[in-house]
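Report on one structure; see the data block that follows.
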Amino acid sequence: MPTIPAILHGTDPAVREAMLRTLPERQLRALARAFGEWAHGGQLAPPCTASGEDWRTWVLMAGRGFGKTRAGAEWVLGRVRDAKRKDSPSTCSGRAGLLKAPTDPLRIALVAATIDEARAVMVEGPSGILACAGPNDIADWLPSRHLLKFASGAEASLYSGASPNALRGPQHHFAWCDELAKWRHLLATWDMLQLGLRCGVQPRALVTTTPRGGCAALAGILTEPDTVVTGGPTSANPHLSPAFVAAATRRYGGTRMGREELDGVFLPEVAGSLWPAALLAASRGAMPDLDALRRVVVGVDPPASAAGTCGIVVCGLDADGVGHVLADRSAGGLSPEGWARAVAAAAEHWGADRVVAEKNQGGDMVRSVLNSVGIAAAITLVSATRSKVRRAEPIAGLFESGRARLAGRFPELEDELAGLVAGGDYQGPGHSPDRADAMVWALHALLIAPRGETRVVSFA
């Protein structure tokens with residue numbers, strides 16, 4: 001009979017699957033519970049010394065589907081099993097740190113964004129505690145009381161990140177905090193939890209979360225001297241569908257959203273951003289009534305080379321004089337004819353009455369190329385006399401005043417907007433904010449250019 005390490009660490013998936021098929025049901029169940037043997041990098045608690053003084057908070061920050069929930073459930077079960085053993089290790093994967101047998105039951109806090117999520121994901125989910133528990137681990141699950149009882153006498157209580165006062169009073173040995181970045185009252189809940197995390201020799205908390213840029217409370221936790229961080233990208237989980245990973249990477253890879261949701265990278269707010277995260281969120285709304293739009297303009301920032309991205313953004317003006325970003329049709333790696341056709345398609349689809357294109361990267365050739373593909377809308381060429389950041393500043397003011405809005409989500413465009421820094425340089429993804437510049441040209445034509453002067457050639 002092959003050994004467990006031989007099966008788990010085989011390099012050929014076909015051979016590994018064939019070997020697994022030879023195992024009896026009992027051994028397969030044991031193998032499934034041997035999490036420490038087959039967990040991938042970042043899912044196991046960081047080591048600590050015998051004194052247990054290395055860390056108080058472990059942040060497992062990773063992309064979607066990395067296996068954060070399974071890691072959290074296994075960590076909780078490990079703490080419960082350790083507490084059953086006299087003078088057993090408490091928090092360091094059974095290797096170091098002592099927890100003396102408590103006189104009262106081991107108490108664990110399970111905190112999610114809502115009580116319903118704590119129940120559905122952390123306890124009852126396919127990777128939750130009940131699914132990962134062994135046959136002798138659980139004594140009772142009382143969902144109406146938000147209480148999970150273990151056979152050892154330990155208890156886990158469910159809490160919500162929307163109700164910090166529920167944690168005012170209870171004290172715990174350990175806490176598992178899931179998707180902390182989406183808690184409604186993050187800082188207040190975290191503070192109440194920390195003040196009650198005071199039982200045992202070394203109380204600890206595990207945070208499993210996908211990062212959210214600009215989250216000041218999470219940034220503060222990450223910089224604490226007793227915080228350790230592990231994690232990894234979505235692609236690190238070998239059990240995910242390759243088709244899902246490929247599709248998600250194709251759609252979001254390289255964007256700010258992708259770096260957070262797929263790569264698990266925390267992106268702090270860019271200091272001085274013209275479009276901070278709060279402004280982008282406040283500016284997001286529904287698609288306006290397209291039939292009631294007074295005008296539709298396609299803004300174009302032609303690429304400097306065939307390898308570059310052509311910014312193509314569609315904006316519309318409603319009856320109240322509010323500009324809406326309707327679509328981002330930007331495209332990269334196209335010939336001049338290729339991106340011109342993309343502009344023509346966007347103008348036709350949205351019924352645009354004008355195309356506003358920057359001519360700095362091609363002069364009158366830009367008009368020639370656009371005319372060659374039969375664009376029906378009027379074409380205006382504009383010359384940039386200021387930097388992209390300076391041109392964007394008055395447009396950011398329109399967003400702040402509510403005169404410009406986003407009709408939905410535009411991850412790549414929003415990444416670029418967030419990287420435009422007032423009075424400074426561009427600090428976003430890529431070499432140039434081509435999408436953002438295209439949006440600026442379109443909204444400028446709709447909202448700033450004086451009436452009757454739509455055919456501007458420059459603006460300062």
Side-chain angles (χ1 to χ4, degrees), residues 251 254-255 287-288 290 293-318 323-384 388 391-392 395 404 406-417 428-449 453-459:
R251 182 173 180 84
T255 68
M287 185 68 67
L290 301 182
L293 292 177
R294 291 161 49 187
R295 293 186 61 203
V296 175
V297 170
V298 179
V300 183
D301 183 28
S305 67
T309 296
C310 180
I312 307 171
V313 176
V314 185
C315 297
L317 185 68
D318 68 19
H324 299 266
V325 179
L326 304 176
D328 178 7
R329 294 295 183 87
S330 304
L334 300 177
S335 66
E337 182 182 0
W339 58 255
R341 290 190 181 281
V343 172
E348 180 180 2
H349 178 83
W350 292 94
D353 55 82
R354 185 166 297 276
V355 171
V356 179
E358 182 181 319
K359 69 176 184 178
N360 292 53
Q361 297 294 348
D364 291 334
M365 181 273 291
V366 174
R367 182 187 295 276
S368 176
V369 171
L370 291 173
N371 282 330
S372 71
V373 296
I375 292 180
I379 299 172
T380 294
L381 298 187
V382 289
S383 298
K388 293 177 185 289
R391 292 199 298 276
I395 304 302
L406 299 169
R409 296 181 178 275
F410 306 95
E412 293 169 305
L413 170 60
E414 292 176 33
D415 283 352
E416 293 187 356
L417 293 175
H431 299 295
S432 177
D434 307 297
R435 301 166 189 268
D437 209 29
M439 184 202 77
V440 166
W441 287 121
L443 289 177
H444 181 273
L446 290 172
L447 297 168
I448 294 180
E453 247 183 78
T454 56
R455 289 182 176 274
V456 295
V457 293
S458 66
F459 71 90

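Reckoned from all heavy atoms, side chains included, excluding hydrogens, waters and symmetry mates. None of the values given here were measured: they were computed from a predicted structure. In this chain, residues are counted from 1 in sequence order.
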Which atom of [X] lies closest to which atom of [Y], heavy atoms considered:
X: Gly351; Y: Val296; answer: O-CB, 4.1 Å
X: Ala404; Y: Leu443; answer: CB-CD1, 4.2 Å
X: Ala442; Y: Val313; answer: CB-O, 4.1 Å
X: Asp318; Y: His324; answer: OD2-NE2, 2.8 Å
X: Cys310; Y: Pro303; answer: CB-CD, 3.5 Å

With rounding to the nearest 0.5 Å, note down the distance linking [atom1] in [X] to [atom2] in [Y].
X: Asp301; Y: Thr309; atom1: CG; atom2: OG1; value: 10.0 Å
X: Ile379; Y: Arg354; atom1: CD1; atom2: CZ; value: 9.5 Å
X: Trp339; Y: Leu370; atom1: CH2; atom2: CG; value: 5.0 Å
X: Trp350; Y: Cys315; atom1: CH2; atom2: SG; value: 10.5 Å
X: Leu290; Y: Leu326; atom1: CG; atom2: CG; value: 6.5 Å

Is the shortest side-chain heavy-atom distance between [X] and [Y] below 4.5 Å?
X: Pro302; Y: Val300; value: yes
X: Leu293; Y: Pro288; value: yes
X: Ser432; Y: Lys388; value: yes

Among Asp434, Asp437, Val366, Leu381, whose side chain to side chain contact (heavy atoms under 4.5 Å, CB included) with Glu358 holds?
->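 Answer after filtering Asp434, Asp437, Val366, Leu381: Asp437.
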Can you name the residues that form a side chain to side chain donor-acceptor pair (under 3.5 Å) with [X], not counting sequence neighbours?
X: Asp328; result: Ser330, Arg435
X: Glu348; result: none
X: Asp353; result: Arg295

Step by step, would you call Val373 with Val343 a side-chain contact (heavy atoms from CB on, under 4.5 Å)?
-> CA-CA 9 Å; Val373 296; Val343 172; over 6 Å; no
Residues which pass side-chain contact (heavy atoms from CB on, under 4.5 Å) with [X], listed by chain and number, not counting sequence neighbours:
X: Ala436; answer: Leu413, Glu416, Leu417, Leu420, Pro433
X: Ala346; answer: Ile312, Val314, Arg329
X: Leu406; answer: Leu280, Arg284, Val325, Phe399, Phe410, Glu414

Quick one: does Ser368's side chain have a donor or acceptor within less than 3.5 Å of a partner on Met365's backbone?
-> no
